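I have a structure here, written as structure tokens, and I will follow up with some questions on it.
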Number of protein chains: 2
Amino acid sequence: MAKPKQQGDMPPPAPKRPTEGTLGQHAYQCIRSDILKGHLRPGTPLRLQGLKERYGLSFTPLREALNRLQSEQLVDNFASRGFRVATFSMEEMWDAIETRMLIDCEGLRRSIRRGGDDWEAEVLGSMLALTRAFERTMALTREATEEERAELEDRHKAYHHALISASGSNYMLHYSDQLYQQTHRYRWPFFSEAPGSAFLKQSYMAEHRQIADHAVARREEEAVDLFARSLHRTGEVIEKLHMAQPVA
Amino acid sequence: MAKPKQQGDMPPPAPKRPTEGTLGQHAYQCIRSDILKGHLRPGTPLRLQGLKERYGLSFTPLREALNRLQSEQLVDNFASRGFRVATFSMEEMWDAIETRMLIDCEGLRRSIRRGGDDWEAEVLGSMLALTRAFERTMALTREATEEERAELEDRHKAYHHALISASGSNYMLHYSDQLYQQTHRYRWPFFSEAPGSAFLKQSYMAEHRQIADHAVARREEEAVDLFARSLHRTGEVIEKLHMAQPVA
DNA sequence: TTACTCCGCAATTTCGAAAATCTTAGTCGT
DNA sequence: ACGACTAAGATTTTCGAAATTGCGGAGTAA
């Protein structure tokens, strides 16, 4: 039983101060990324002095970012007692999965019904990009770097976005994005290091291809059914992994 | 063709500084309330000096609130050029209605399947409270005060929340709440003053009662069907009103 | 021993000024 | 007349210090 790598132990250096945009935006992106990648663990108090040292930013932009992340439910705010990374639970994870199934399946249905050539191109293009990145990481004889994993993850996210991108609903896209990131918190630390994960990944990739094929061929029920099952299976895998290794 | 009252003309005084909680939270509630009630119009620049004068707060808590409202899509943030109240459009309104239909109907289904005595009591209780407030405002021989309207609105919101409260999904509840508030922006300035609005309100109330009755009697398909139609009709009414009186 | 109060310190929140950025109006050149 | 440039003023964003709040430990009384 392999132990998942302790991603929180050695967080990578924070990105440099940007030359463009506001520091509040930069703070948002940095903190969000660290939460999604597990460098900031669930339940962790987000002390302003610590964040200031890590990111080189004053309290004001940090607090602005934390307020945004609060509204996105990645962070809990305890009035006058500061902010904490939102906690994990299986209950919450299943809620995110099931709500995501509701929204994403509807988004996929609408896209299949309304999407034109551009949508098809986007689906197939993102599927191809995901396949390429996947093959590259599978061919590695060493552990993938965080950058390589991030690239694969970006491609994966783009694939999911593409599937529902012709839904005509900004709200569905927006909520889907948020729910994707919530489920991501549970997947990222464990998924790549799980036992049998190479087999699992191949199986997921095959499934992703099938969903894309069904979608572009306008086989609505097949696509949506497989998509729902795939999302649900994500939850099952996460649950199994978390049982094997309780959350810190 | 009656013109809707110009709610933005004379905004009521802002609430006093709280003795509890943070000023950032207070700012959030004040600004949010003013947006939802139309005192801050769509597209309006949210100038910090103006907000400071209106609410008696420094820039920092104001900015914190604006960052939160940005994540909730009530406010748009233009980096280095400040914040604005998010704009209206019929497209956006329909998106909110349709997404809300998706989420709320699923929430109602789940509640009908899973809810116990407590849920039934909540549904019937909130229906009763809404009826009482409604009858009071209908019996007025003068125009309802903003407080009276706000009470009715709070009861209405509580009714909708109750219907889906046993869904077991915090995300659905959270998104439903946000979508409720988005649609509220379109309803509030116009709905109470629309032509034939007394008739329309009676019809809505009868419908709300029927939905509650179906739900509590566990007639899932009837409840959900009527609920969906009711939500959709809200969109139709809003659209009609906005055609009669284009958004300022 | 338990419960309560007080105090010091740490942390959070807010303040207002300074720094940075944007907007507008005026001037100059083509 | 139009476009480019500049300067001044307005506004936004950030900074760091002050004000406020929470927490933990020590002391006291029952």
Side-chain angles (χ1 to χ4, degrees), chain A residues 14-35 40-87, chain B residues 14-35 40-87:
Chain A
K16 299 195 176 185
R17 270 188 180 233
T19 54
E20 288 203 325
T22 65
L23 294 181
Q25 280 183 331
H26 176 66
Y28 168 75
Q29 282 155 12
C30 291
I31 298 170
R32 182 172 176 274
S33 176
D34 278 351
I35 289 170
L40 290 171
R41 299 284 190 83
T44 303
L46 295 162
R47 299 203 190 293
L48 292 167
Q49 187 59 36
L51 297 179
K52 178 184 170 120
E53 281 158 18
R54 175 161 171 75
Y55 303 114
L57 300 168
S58 301
F59 289 179
T60 306
L62 291 170
R63 289 185 60 82
E64 292 194 3
L66 292 171
N67 273 280
R68 286 177 66 184
L69 292 165
Q70 174 195 356
S71 287
E72 293 183 14
Q73 297 178 281
L74 284 176
V75 164
D76 291 327
N77 177 17
F78 300 93
S80 295
R81 283 176 290 157
F83 297 84
R84 284 175 184 268
V85 181
T87 52
Chain B
K16 299 195 175 184
R17 273 187 176 232
T19 54
E20 287 205 326
T22 64
L23 293 182
Q25 279 183 330
H26 176 65
Y28 167 76
Q29 281 155 12
C30 290
I31 299 171
R32 181 172 176 274
S33 176
D34 278 351
I35 290 170
L40 291 171
R41 298 287 189 83
T44 303
L46 296 162
R47 298 205 192 291
L48 291 166
Q49 187 60 35
L51 296 179
K52 177 183 169 119
E53 282 158 16
R54 173 160 172 77
Y55 303 114
L57 299 169
S58 301
F59 290 358
T60 306
L62 291 169
R63 290 184 59 83
E64 291 194 6
L66 292 171
N67 274 279
R68 286 176 68 184
L69 292 165
Q70 172 194 357
S71 286
E72 292 182 14
Q73 297 176 282
L74 284 177
V75 163
D76 292 326
N77 176 18
F78 300 93
S80 295
R81 282 175 293 157
F83 298 83
R84 285 174 184 267
V85 181
T87 52

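Numbers restart at 1 for each chain; the letters A, B, ... are given by sequence-line order, proteins then strands. Computed from a prediction, not measured in an experiment: that's the story for all the values here.
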Legend entry - Selected nucleotide, minimal atom distance to B:Arg81 side chain, candidates D:dT12, C:dT23, C:dT13: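 For B:Arg81, the side-chain atoms sit closest to C:dT23.
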
Inset, instruction - Round to a whole Å and report the spacing from CG of B:Leu62 to P of C:dT14. - result: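 Taking CG of B:Leu62 and P of C:dT14, I get 10 Å after rounding.
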
Inset, instruction - Look at the side chain of B:Ser80 against the base of C:dC22 and say whether a donor-acceptor pair falls under 3.5 Å; ignore hydrogens and angles. - result: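 Looking at the base of C:dC22, it does not pair with any donor or acceptor on the side chain of B:Ser80 (distance under 3.5 Å).
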
Legend entry - Donor-acceptor contact present, side-chain A:Arg68 to main-chain B:Gln70, <3.5 Å: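 No; judged by distance alone, with no hydrogens or angles, the pair does not exist.
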
Inset, instruction - Using whole Å, report how far CZ of B:Arg47 lies from P of C:dC22. - result: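 Atom CZ in B:Arg47 sits about 15 Å away from atom P in C:dC22.
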
Inset, instruction - Before giving the answer on side chain to side chain contact (heavy atoms under 4.5 Å, CB included), spell out for B:Asn67 and B:Phe83 the whole-Å C-alpha distance, their side-chain angles and the decisive distance to 0.1 Å. - result: CA-CA 9 Å; B:Asn67 274 279; B:Phe83 298 83; 4.0 Å; yes

Inset, instruction - For A:Gln73, enumerate each residue passing the side-chain hydrogen bond (donor to acceptor under 3.5 Å, both in side chains) test, keeping only those at least two apart in sequence or located in another chain. - result: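 For A:Gln73, the residues satisfying side-chain hydrogen bond (donor to acceptor under 3.5 Å, both in side chains) (neighbours in sequence not counted) are B:His174.
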
Legend entry - Neighbours of DNA chain D within residues 17-25 of chain A, by heavy-atom distance under 4.0 Å: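 Only A:Arg17, A:Thr22, A:Leu23, A:Gly24 qualify.
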
Legend entry - Under the salt bridge (Lys or Arg N to Asp or Glu O under 4.0 Å) test, residues paired with B:Arg84 that sit two or more places apart: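 Salt bridge (Lys or Arg N to Asp or Glu O under 4.0 Å) check on B:Arg84 returns nothing, list empty.
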
Legend entry - Interatomic distance where CG belongs to B:Asn77 and P belongs to D:dT11 [whole Å]: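 It is 17 Å, rounded to the nearest whole Å.
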
Inset, instruction - Quickly work out the A:Gln49 CD to C:dC9 P distance and round it to whole Å. - result: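 Spelled out: CD on A:Gln49 to P on C:dC9 is 18 Å.
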
Legend entry - 5' precedence on DNA chain D between B:Phe59 and A:Phe59 (nearest-nucleotide basis):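 Its nucleotide being nearer the 5' end, the pick is B:Phe59.
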
Legend entry - Rounded distance in Å - CD (A:Gln70) to P (C:dT12):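 Atom CD in A:Gln70 sits about 15 Å away from atom P in C:dT12.
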
Legend entry - Length of the CD-P vector between B:Glu64 and C:dT14, whole Å: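 The answer, rounded to whole Å, is 6 Å.
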
Legend entry - Given D:dT13, C:dT13, D:dC15, the nucleotide with the shortest approach to the side chain of A:Ser58: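 Nearest to the side-chain atoms of A:Ser58, counting from C-beta on, is D:dC15.
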
Inset, instruction - Output the single nucleotide from D:dT13, C:dC15, C:dT12 whose closest atom is nearest the side chain of B:Leu48. - result: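 Closest of the options to the side chain of B:Leu48: D:dT13.
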
Legend entry - A:Arg63 side chain to B:Glu64 backbone, donor-acceptor under 3.5 Å: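 It does not hold such a pair.
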
Legend entry - B:Leu40, B:Leu74, B:Val75 screened by side-chain contact (heavy atoms from CB on, under 4.5 Å) with B:Arg32, the one that passes: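 The option that passes is B:Leu74.
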
Legend entry - Distance, rounded to the nearest Å, where A:Glu53 contributes CD and C:dA11 contributes P: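 Answer to the nearest Å: 10 Å.
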
Inset, instruction - Answer with yes or no whether the side chains of A:Gln49 and A:Glu53 bring together a donor and an acceptor at under 3.5 Å. - result: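 A pair is found: one side chain offers a donor N or O, the other an acceptor, under 3.5 Å apart.
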
Inset, instruction - Can you tell me the distance, in whole Å, between the NZ atom of A:Lys52 and the P atom of C:dA11? - result: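 Nearest whole value for this atom pair: 14 Å.
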
